[in-house]
Amino acid sequence: MALSLAFPFAAPSQSSPHPSETPSTHPRLSPLESLNLRIGTAGQGQIVPWVGAPFAMTYWSPETRAGEVKCIAPYYDTDRTFSGIRGTHWISGSCVRDYGSFTLMPESGNLRLESAARAVPFDHAHEHLSPAAYRLDLPEQGIGIVATGRTRSGLMSFTFRHDAPAWVVLQNNAWAAGGSTTIDRAHNEISGSNPARRLYARAGEPAGFSGYFVVQFDHPIKSSGTWDTTGRHDGSANQPTLEGVAAQTGAYLRFELRPGETLLARIGTSFVSVEEARRNLVAEIPGWDAAAVERDTAARWNELLGQVEIDPDAPKDQREVFYTSLYHSFAHPRTVSDSDGAYPRFADPSKLMHAEGFTYYDDFSAWDTFRAVHPLFTLLAPDRDRDMVRSLVAKGQQGGFLPIFPAWNNYTSEMVGDHAIAIIYDAFAKGIRGFDVSEAYRLVRHNAADVPNAAESADGRGRRGLASYLKFGYIPLEDHVLDAFSPHQEEQVSRTMEYAFDDGLVSRFAADLGHTTDAELFAKRAGNWRNVLDPSTGYARGRHEDGSWVTPFDPNKQFRWLTEALASQQTFFVMQDVPGLIAAEGGREAFVAKLDKLFADGAYDQSNEPSHHIAYLYDEAGAPWKAQRHLAGLFASYTDRPDGLIGNDDSGQMSAWYVFSAMGFYPVTPGLPRYAIGTPLFPSVTLHLPGGGTFRIVADNAGPGHPYIAAATLNGKPLTRAWISHAEILAGGELRFRMSATPVTTWPQATSH
């Protein structure tokens with residue numbers, strides 16, 4: 001459903017419509033009015049309807065599932081009970097564990113503490129979802145809730161309509177010992193900490209930092225107490241700190257309110273200390289004006305989302321899916337540095353660092369997001385992407401190796417590949433500067449060339465299986481990669497091919513900086529994919545140390561030597577040398593036939609990342625019309641229903657794929673500053689670029705049943721290639737397509753009318 005806010009929004013100035021050939025017959029909506037935040041909250045999406053600024057440190061989410069449980073998000077559309085508003089650090093669209101979180105729940109009448117006891121029925125008809133504010137009415141309890149937020153802070157309004165005691169329960173969601181909650185009735189305040197614990201590498205060990213919070217109320221606290229699994233502990237005016245010994249701990253506060261009166265709670269958060277949380281609160285929400293906070297956050301989202309303006313006559317469901325996908329793409333990485341730049345040192349959070357002149361980010365789901373999320377940032381949020389690169393470089397300097405999948409401010413050894421390299425080089429190749437390029441290259445080369453010692457490896461630093469990769473040119477099946485996170489041990493073929501891709505980018509980086517010897521070395525290593533491509537089958541395949549191929553083998557079966565992929569999918573992970581792969585498969589006709597077989601066998605899987613670039617490879621093989629046909633079908637897998645994502649969103653990657661593809665192009669090879677052309681979904685899309693220019697994509701005769709490109713022009717001149725460069729987009733202008741209901745096998749050689 002389209003959502004409208006409680007007050008009107010003006011579209012940002014940079015989103016003003018261009019004159020079109022046919023005036024729109026629909027009222028113009030702001031991007032926020034086009035969102036449907038229920039998309040992805042059911043099925044496999046693992047998305048919560050978060051409130052707060054883009055890339056916020058802490059989001060505010062309704063809670064329907066309590067606690068910090070791995071692979072359980074705070075909110076699911078199918079749930080029917082509500083247990084509070086959570087200050088969450090859940091990695092959107094993931095299967096991880098929340099950390100450093102806490103939950104606030106208003107109650108009227110009887111006091112209920114533990115999550116199961118305080119959970120109350122709720123109805124989606126009484127919800128209003130927006131990134132600027134979450135609203136929920138609980139008629140039976142006589143309570144109205146509004147939650148809004150900024151980057152590191154939030155402000156909640158609780159209206160109590162019944163003539164009954166008014167309570168606020170805080171649950172510190174620490175899932176192991178070490179959390180603390182303190183009540184300061186003299187200042188109408190609660191504060192506390194929830195220690196983070198590591199996942200994947202050294203799972204369960206203290207991560208060395210906490211989520212800190214301070215909650216201030218605009219009414220006096222009349223009575224209070226703490227609670228834990230042993231029961232309720234009524235307190236005096238000088239309530240001592242409760243040191244958590246297990247899960248389900250927190251505080252409760254009673255307020256004297258008249259029926260219909262509203263209690264306000266403003267909240268600061270930090271990963272450094274309670275004092276920093278308080279400073280963040282003062283910096284971001286110095287007063288009690290909830291409407292001002294909501295307006296500011298709405299304006300930030302409208303400005304960011306408004307950089308992409310789709311045709312105003314686009315169908316309502318497509319408009320919702322597009323703008324919600326764009327919103328999903330701007331959730332992570334999360335802001336970690338405080339308003340004064342303080343943040344816990346990477347991999348050694350006991351030490352304090354300061355981000356001087358940049359924002360420090362963490363929680364990079366890099367195996368997913370290097371593909372489309374970060375390339376989207378290079379177009380629409382280059383300053384953010386620059387700071388993300390600076391953050392990765394800082395992590396490498398502080399921990400010794402570039403992190404491969406940095407989360408919880410630590411190394412994780414989660415997933416395969418070394419794709420911080422791709423994020424860094426993609427930014428560099430597209431002209432983004434403002435980071436230490438020579439230091440970035442040093443760290444990139446260190447990751448690619450230096451084998452971590454046993455202690456470093458156990459901590460998740462460096463490439464898994466690198467010694468074997470350097471020795472054999474591939475990782476043989478005898479190397480079981482036991483220093484990886486246990487579900488991702490083995491996976492030798494995927495590791496080999498992903499390292500080869502990253503090495504191709506190292507070679508390009510070296511060449512750009514004049515390191516000729518390195519460029520040649522890593523260019524050779526970029527061809528290591530050939531060592532796991534079985535010439536007898538034409539598929540990637542597990543290989544032993546003696547060079548023999550694993551048996552039995554079926555390209556459409558799952559094997560431990562692959563990462564979340566089939567061999568029929570993994571074979572196409574050679575984005576650094578698609579012409580070389582085409583030649584190895586026997587030329588264009590054979591390559592197209594192999595792509596055809598993948599789709600005919602039902603082996604293409606849009607729900608997971610290894611497939612995301614594959615349809616676009618038809619372009620390189622001279623059959624772009626086949627890419628257009630398959631892409632048009634894939635659009636239909638994204639819907640405006642709560643289960644409208646067919647896989648985990650993985651920090652926005654599923655959504656960013658849709659954003660790019662619906663616009664008509666996609667970054668097949670991050671690090672190569674160009675985009676493969678697919679098929680535009682909308683009659684028009686205008687990009688309002690951060691530099692001030694505009695780039696317009698027009699698709700004449702676009703619509704259902706017209707997915708094929710008959711001809712194309714770029715700034716009025718025939719476009720005779722199935723790609724467009726990053727520089728051409730940034731230069732502004734118009735890319736125009738003439739669409740057809742039938743395949744046009746002569747484009748891109750066709751001329752435009």
Side-chain angles (χ1 to χ4, degrees), residues 37 39-50 52 54-65 67-77 86-101 173 175 196-201 203 207 211 324-325 327-336 361-374 388 403-417 419-420 423 460 485-488 563-564 605-610 612 642-658:
L37 269 59
I39 295 173
T41 61
Q44 301 178 57
Q46 293 290 88
I47 292 173
V48 300
W50 67 81
F55 308 102
M57 171 184 286
T58 304
Y59 287 117
W60 309 98
S61 168
E63 180 184 273
T64 67
R65 305 274 180 104
E68 297 178 348
V69 183
K70 189 175 187 298
C71 295
I72 301 297
Y75 179 97
Y76 290 90
D77 181 81
R86 186 187 299 188
T88 179
H89 305 118
W90 174 258
I91 299 177
S92 177
S94 66
C95 182
V96 292
R97 186 193 295 275
D98 204 350
Y99 67 94
S101 75
N173 294 322
W175 56 278
R197 290 182 176 267
R198 296 181 67 172
L199 275 185
Y200 307 126
T324 306
S325 295
Y327 154 77
H328 290 161
S329 302
F330 294 135
H332 296 103
R334 86 172 67 256
T335 298
V336 170
Y361 293 92
D362 195 47
D363 290 349
F364 289 74
S365 189
W367 185 80
D368 310 289
T369 59
F370 86 93
R371 304 165 197 264
V373 173
H374 284 276
M388 292 169 191
I404 288 171
F405 195 102
W408 307 277
N409 209 34
N410 278 280
Y411 295 97
T412 64
S413 78
E414 167 65 340
M415 302 309 293
V416 302
H419 302 317
I423 294 169
F485 170 55
S486 57
H488 290 288
T563 303
E564 299 186 15
D605 182 10
Q606 181 62 25
S607 72
N608 211 354
E609 284 74 13
H612 278 189
D643 61 353
L645 287 175
I646 60 173
N648 286 11
D649 198 44
D650 290 324
S651 287
Q653 170 57 29
M654 288 289 295
S655 293
W657 182 94
Y658 183 87

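Two residues are said to be in side-chain contact when any heavy atoms from C-beta on lie closer than 4.5 Å; L37 and Y327 meet this criterion. Contact check for D368 versus S651: no side-chain heavy atoms found under the 4.5 Å cut-off. With a 4.5 Å cut-off on side-chain heavy atoms, R86 and Y75 do not count as touching. Looking at D605 and P610, their side chains never come closer than 4.5 Å, going by heavy atoms from C-beta outward. In this structure, C95 and N648 have side chains that are in contact, with non-hydrogen atoms separated by less than 4.5 Å.
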query = Which is it for T563 and W367 under the side chain to side chain contact (heavy atoms under 4.5 Å, CB included) test, yes or no, and what are the steps along the way?
reply = CA-CA 11 Å; T563 303; W367 185 80; 4.1 Å; yes
query = Do R197 and W175 pass the side chain to side chain contact (heavy atoms under 4.5 Å, CB included) test, and can you show the C-alpha distance, the side-chain angles, and the key distance before you say yes or no?
reply = CA-CA 9 Å; R197 290 182 176 267; W175 56 278; 3.6 Å; yes
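Between the side chains of Q46 and Y76, at least one donor N or O lies within less than 3.5 Å of an accepting N or O. For the residue pair S365 and D650, no side-chain donor N or O sits within less than 3.5 Å of a side-chain acceptor on the partner.
Shown here for A420 and P403, the closest heavy-atom pair between the two residues is CB-O, 3.3 Å. Residues H488 and E564 approach most closely at CE1-OE2, 3.8 Å, considering heavy atoms. Nearest heavy atoms, G460 versus Y411: O-CB, 3.6 Å. Nearest approach of I91 to V96, heavy atoms of both residues: CB-CG2, 4.0 Å. When every heavy atom of I646 is checked against every heavy atom of Q606, the shortest pair comes out as CD1-CB, 3.6 Å. Across every non-hydrogen atom of P74 and V48, the tightest pair is CD-CG1, 3.4 Å.
Between the side chain of D362 and the backbone N or O of N409, at least one donor-acceptor pair lies under 3.5 Å.
A distance of 11.0 Å separates NE2 in H89 from CG in N173, rounded to the nearest 0.5 Å. Note that CG of N410 is 4.0 Å distant from CZ of R198, once rounded to the nearest 0.5 Å. Between S655 atom OG and I47 atom CD1 the span is 5.0 Å, to the nearest 0.5 Å. Distance check: F55 CZ to R334 CZ gives 12.0 Å after rounding to the nearest 0.5 Å. Separation of atoms CZ (F405) and OG1 (T369) is listed at 8.0 Å; rounding is to 0.5 Å. Interatomic distance, D363 CG to T412 OG1, rounded to the nearest 0.5 Å: 10.0 Å.
Of the listed residues (E609, H328, H374), just one forms a side chain to side chain contact (heavy atoms under 4.5 Å, CB included) with Q653, and that residue is E609.
For Y59, the ring-ring contact (aromatic ring centres under 6.0 Å, His included) criterion is met by W50, not counting sequence neighbours.
In summary, the aromatic rings of Y200 and W408 are positioned with their centroids under 6.0 Å apart.
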